[in-house]
There are 2 protein chains.
Amino acid sequence: MREAAEPTERERDPEAVSKFVEGFAAQLVEAGMQRMPARVFAALLSSDSGALTSAELGARLQVSPAAVSGAVRYLAQQHMVSREREPGSRRERYRVHSDQWYEALTNREAVLKRWESALREGVTSLGEDTPAGRRMAETLAFFEFVDGEIVAMMERWRVHREERFGRR
Amino acid sequence: MREAAEPTERERDPEAVSKFVEGFAAQLVEAGMQRMPARVFAALLSSDSGALTSAELGARLQVSPAAVSGAVRYLAQQHMVSREREPGSRRERYRVHSDQWYEALTNREAVLKRWESALREGVTSLGEDTPAGRRMAETLAFFEFVDGEIVAMMERWRVHREERFGRR
DNA sequence: CGCTACTTTCACATATTTGTGAAGTTAAGA
DNA sequence: TCTTAACTTCACAAATATGTGAAAGTAGCG
């Protein structure tokens, strides 16, 4: 079972693809994402099929299987890619859905929740009648507000998207 | 001009304060922020005055002036603290506003903008008629949508906040 | 104009992160 | 059941990031 046996993807200018991958990954890194997960994610995003095997990723990004494995584990935890076992092969494919960003955003919400609970503790332990307590209470209220807004926003997005791109 | 000459803040249980500071900072770190900026920000948030000098920060966090300087520079760039020169002293105070989070969010918007332009390049260079191009175009549309929503959301927050906390 | 209180910059030692090769594990197919 | 392709784990070397002390810069105040 050779690599070349899978022309899953008619090749475009690999130069251009690579340039996009590295550029986009750099932006993600700057926003706080680790380098390798960022590169893997960008590579998937730029692939026509939206799904690549470990070997394909390794080849495109010039990294070892170990590096791919680590990156993919991270991305899967963050719900940014899903894994699929190809039936009848021991290969695994890693896929981005175009709506994967919702999952990623949802995950950000988990971060917000943790901030909120830390703030709640802070308000309690510093006292809600102190200036610091009041500031933290307001901050907390802000996050709670944002939580709710995000849910509503995603609903509006689904509608907007259907109008613009049609139902999937 | 001694340190002790400024009882800006009636002291609460320093134990509890420190526990909050380290806990909240840890959450911020986990979300991608560097350790020292996170600790400084948490310390400011938990102070009654909402503003501390470099020396006070150094003392509370047990770090050198150099570390405070670096952290504060970063936070100011991110618009998460503002600097104020105390008139009649060469001390500087670093302040959090309770609405500082808006600024921070606004800054996140700058990140989104950069993602958008990277995606736009990707769509162009990979071709908008390819599957990958279409996926990226949809992703781009999502971010553009989010941009607009955030602006609207912040307006709603201002209203909500005024109802709940009164005008500042 | 100094003097000196405060802040910033810089070189460096230390800690942390990152990616690799190689060994280990799993499961498809004979 | 055995073989072996494919993925994962692990110990380690290299690259990065982090915080410090010390030196250099700034700006109030006499």
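In what follows, chains are A, B, ... by sequence order, proteins preceding strands, each numbered from 1. The analysis underlying the following values was restricted to heavy atoms, covering all of them including side chains, and did not include hydrogens, waters or symmetry mates.
With a 6.0 Å radius and a threshold of 12 heavy atoms from other residues, nucleotides or ligands, A/E128 has its CD atom at or below the threshold. Heavy atoms of other residues, nucleotides or ligands lying less than 6.0 angstrom from CZ of B/R35 number 12 at most. Sparse packing is recorded around CD of A/E121, with 12 or fewer heavy atoms of other residues, nucleotides or ligands lying under 6.0 Å away.
We find the OG-CE distance between B/S125 and B/M136 to be 6.5 Å, quoted to the nearest 0.5 Å.
With contacts defined as side-chain heavy-atom distances shorter than 4.5 Å, the pair B/H97/B/S82 qualifies. A heavy-atom distance below 4.5 Å is found between the side chains of A/F145 and B/M153.
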Give each protein N/O atom lying under 3.5 Å from an N/O atom of nucleotides 8-15 of chain D, with the pair distance.
{"residue": "D/dT8", "atom": "OP1", "partner": "A/R83", "partner atom": "NH2", "Å": "2.4"}
{"residue": "D/dT8", "atom": "OP2", "partner": "A/S69", "partner atom": "OG", "Å": "3.2"}

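Taking atom CD on B/Q34 and atom P on D/dT16, their separation rounds to 16 Å, with Å as the unit. Spacing between atom CD of A/E84 and atom P of D/dC7 amounts to 13 Å, rounded to whole angstrom units. Residue B/L52 contributes atom CG, which lies 12 Å from atom P of C/dT7 at whole-angstrom precision.
Within the structure, every side-chain polar atom (N or O) of A/R35 is placed at least 4.0 Å from both OP1 and OP2 of C/dT18.
In this structure, the helix from C/dC1-D/dG30 to C/dA30-D/dT1 shows an angle of 20° between the axis at its start and the axis at its end, each fitted on 5 base pairs and rounded to 10°.
Under the 30°/60° scheme for interplanar angles, the aromatic rings of B/W101 and A/W115 are found to be tilted.
Scanning both residues, A/A59 and A/Q62, for their nearest heavy atoms gives O-NE2, 3.1 Å.
A residue-by-residue look at A/R90 and A/M36 shows that A/M36 has its nearest nucleotide of DNA chain C further toward the 5' end.
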